[in-house]
Number of protein chains: 2
Amino acid sequence: MNFATLPRGFHFDAFRRISPVNEDSLWDIIFARNAHHITVKRRAPALANLQKIFSATFCLANQRGFGAMNLRDLCRESGLSMGGLYGYLQSKDQLSAMIEDVIRYLCEQLPGWFDHVSDTTDQVEAILRAHIYLSEMLHPWFFFVYLEARTVPTAQRKQAIAAELAIESHLARLLGQESRLSNAQDRLLAAHAMALIQDWHLKRWKYRREKISIDAFADSVIALVRARLTGA
Amino acid sequence: MNFATLPRGFHFDAFRRISPVNEDSLWDIIFARNAHHITVKRRAPALANLQKIFSATFCLANQRGFGAMNLRDLCRESGLSMGGLYGYLQSKDQLSAMIEDVIRYLCEQLPGWFDHVSDTTDQVEAILRAHIYLSEMLHPWFFFVYLEARTVPTAQRKQAIAAELAIESHLARLLGQESRLSNAQDRLLAAHAMALIQDWHLKRWKYRREKISIDAFADSVIALVRARLTGA
DNA sequence: AAATAAACCGAGCATTTGCTCGGTTTTTTG
DNA sequence: CAAAAAACCGAGCAAATGCTCGGTTTATTT
């Protein structure tokens, strides 16, 4: 990991340049994490088709919803046949499960990327920025997970909930080291921070329309959290 | 309207007591706004069945998603028959459209409830509090709208987007009167405020689990926005 | 209480949907 | 280039789904 090279208050371009996970490297991770049930074993066609399948899924599901998308639409949009598709998944539900899984995995990794940052407030800032920037690079993935979390099986949903709570607790603990707020207030501030960063992928249409850049957005979130920490 | 009787920094109980719209009065509004296509004309059974239908819809759709809910499930859960159901709607899609419509209608009304508040920062606070408290009283409605907005027809979705932008612009304008921030920063702060209040109905499970009351939540949101307005 | 109107029921229709599997094409191996 | 393996295709099946409509029950009117 080379996150240590990032300066304080890094912005999107800097993060994107050094991030080991991005729009292109993601297919490798997906392929590895689902190797046990993907019957296609050759790497080259697998990566290409995974890209087709998930791109098509986001194109359809992020518009009408996963439940309203059917597999014939998905075949037309992805260019694969019904049989071809089923070389990569065992059921329609597994498609959403795969998406949910990889995003949760990344979100679990993320806080650890900044363990080296000594100043705790700076560490909070780094985690929040990384989260926002990652959700920008993988926008359709985060958007899907957020709006379709209910469709995955119960066991997996519980994992996802636990993951979200873990990040939040981590943030709350860091905030608690520097703030003059109560524990309860620290937890609430952490929850608010989560809501703010998730707003980037949830309402990207709005920010695009108002020509608000991701860096302006991230700076604003950071300013808000810092104001609460240092303010009256 | 008797919102003028609310004190500064009012809390949930006070709001609930005087609010003309709540869990019980909602059925009247729904019935009135959809009278043209509801074939059941007698008031008493109509209100009772609307309640059954929407309660069942939330029970099913807020768990698995609207697309995954089918009308046979809905009949079983609501106690109505297929034919009976179709006295209240012309298609499955219209069901989500009715929900979307009434919530958008209420959100358009809401800011006007506090035109009488002279101090602009207090007016912002009142609007934010009212939004949070309303989404508490009508939790399943707000939750559904937020997660299923994509399923409604395009024309209606555009109305919904316009409504959200209108509230946000209203907030930004009010914030601009009192803040030392730039216009762009005011707009971002308004957007953040929207994200924070929507977090209440989106993540209510989390706040319930951590035993965070709605008043503690609202106070924390207000504190965060005020800190940004007055702080460094 | 009879007559009229309103509301409700639920089996059945046409279509859609998730998924399979025998056959075909493409790629790799020897 | 021939043989073997891997990948892909898409028609077809069983089940599910949105919706209708003729008949029945319940409520209102006179």
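Chain letters run A, B, ... following the sequence lines, proteins first and then strands; every chain starts at 1. Since the structure is predicted, the reported quantities are computational estimates derived from the model, not experimental observations.
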Centre of A:Y105's six-membered ring, under 6.0 Å away, within 45 degrees of the axis: is that where NZ or CZ of A:R33 sits?
->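 The answer is yes; both the distance and angle limits are met.
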Using a cut-off of less than 4.0 Å, is there contact between a side-chain N or O of [X] and OP1 or OP2 of [N]?
{"X": "B:Y86", "N": "D:dG18", "value": "no"}
{"X": "A:K41", "N": "D:dA6", "value": "no"}
{"X": "A:S81", "N": "D:dC9", "value": "yes"}
{"X": "A:N70", "N": "C:dT17", "value": "yes"}

Rounding to an integer number of Å, can you tell me how far [X] [atom1] sits from [N] [atom2]?
{"X": "A:K92", "N": "C:dT16", "atom1": "NZ", "atom2": "C1'", "answer": "12 Å"}
{"X": "A:D73", "N": "C:dT16", "atom1": "CG", "atom2": "P", "answer": "11 Å"}
{"X": "B:Y88", "N": "D:dT20", "atom1": "OH", "atom2": "P", "answer": "17 Å"}
{"X": "B:R43", "N": "D:dA27", "atom1": "CZ", "atom2": "P", "answer": "18 Å"}
{"X": "A:L74", "N": "D:dG10", "atom1": "CG", "atom2": "P", "answer": "15 Å"}
{"X": "B:R72", "N": "D:dG18", "atom1": "CZ", "atom2": "P", "answer": "7 Å"}
{"X": "B:D93", "N": "C:dT16", "atom1": "CG", "atom2": "P", "answer": "15 Å"}
{"X": "B:I38", "N": "C:dC8", "atom1": "CD1", "atom2": "P", "answer": "11 Å"}

Base, sugar-phosphate, or nothing for B:G87, non-hydrogen atoms under 4.0 angstrom?
-> nothing
Taking the six-membered ring for Trp, is the centroid-to-centroid distance between A:Y146 and A:H201 below 6.0 Å?
->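 Yes; A:H201 has its ring centre under 6.0 Å from that of A:Y146.
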Check: A:W205 ring centre within less than 6.0 Å of A:W200 ring centre | no
With nearest nucleotides of DNA chain C determined for B:P45 and A:G83 from heavy-atom distances, which residue corresponds to the more 5′ nucleotide?
-> B:P45
Toward the 5' end of DNA chain C, by each residue's nearest nucleotide, A:S91 or B:M82 | B:M82
Taking atom types as they are modelled, is there a donor-acceptor pair under 3.5 Å from the base of D:dG10 to the side chain of A:R76?
-> no
Nearest-nucleotide wise, let me know which of B:A68 and B:R42 is further upstream toward the 5' end of DNA chain D.
-> B:A68
Return yes if a side-chain donor-acceptor contact under 3.5 Å exists between B:D215 and B:Y133, otherwise no.
->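 B:Y133 and B:D215 do have a side-chain donor-acceptor pair below 3.5 Å.
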Would B:K203 and A:Q198 count as having a side-chain donor-acceptor pair, cut-off 3.5 Å?
->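 There is such a pair (donor and acceptor under 3.5 Å, judged by atom type) between the side chains of B:K203 and A:Q198.
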When you get a sec, tell me which of D:dC8, D:dC19, C:dC19 is the closest nucleotide to the side chain of A:L71?
-> C:dC19
Which listed nucleotide (C:dC8, D:dC9, C:dG18) is nearest to the side chain of B:N49?
-> C:dC8
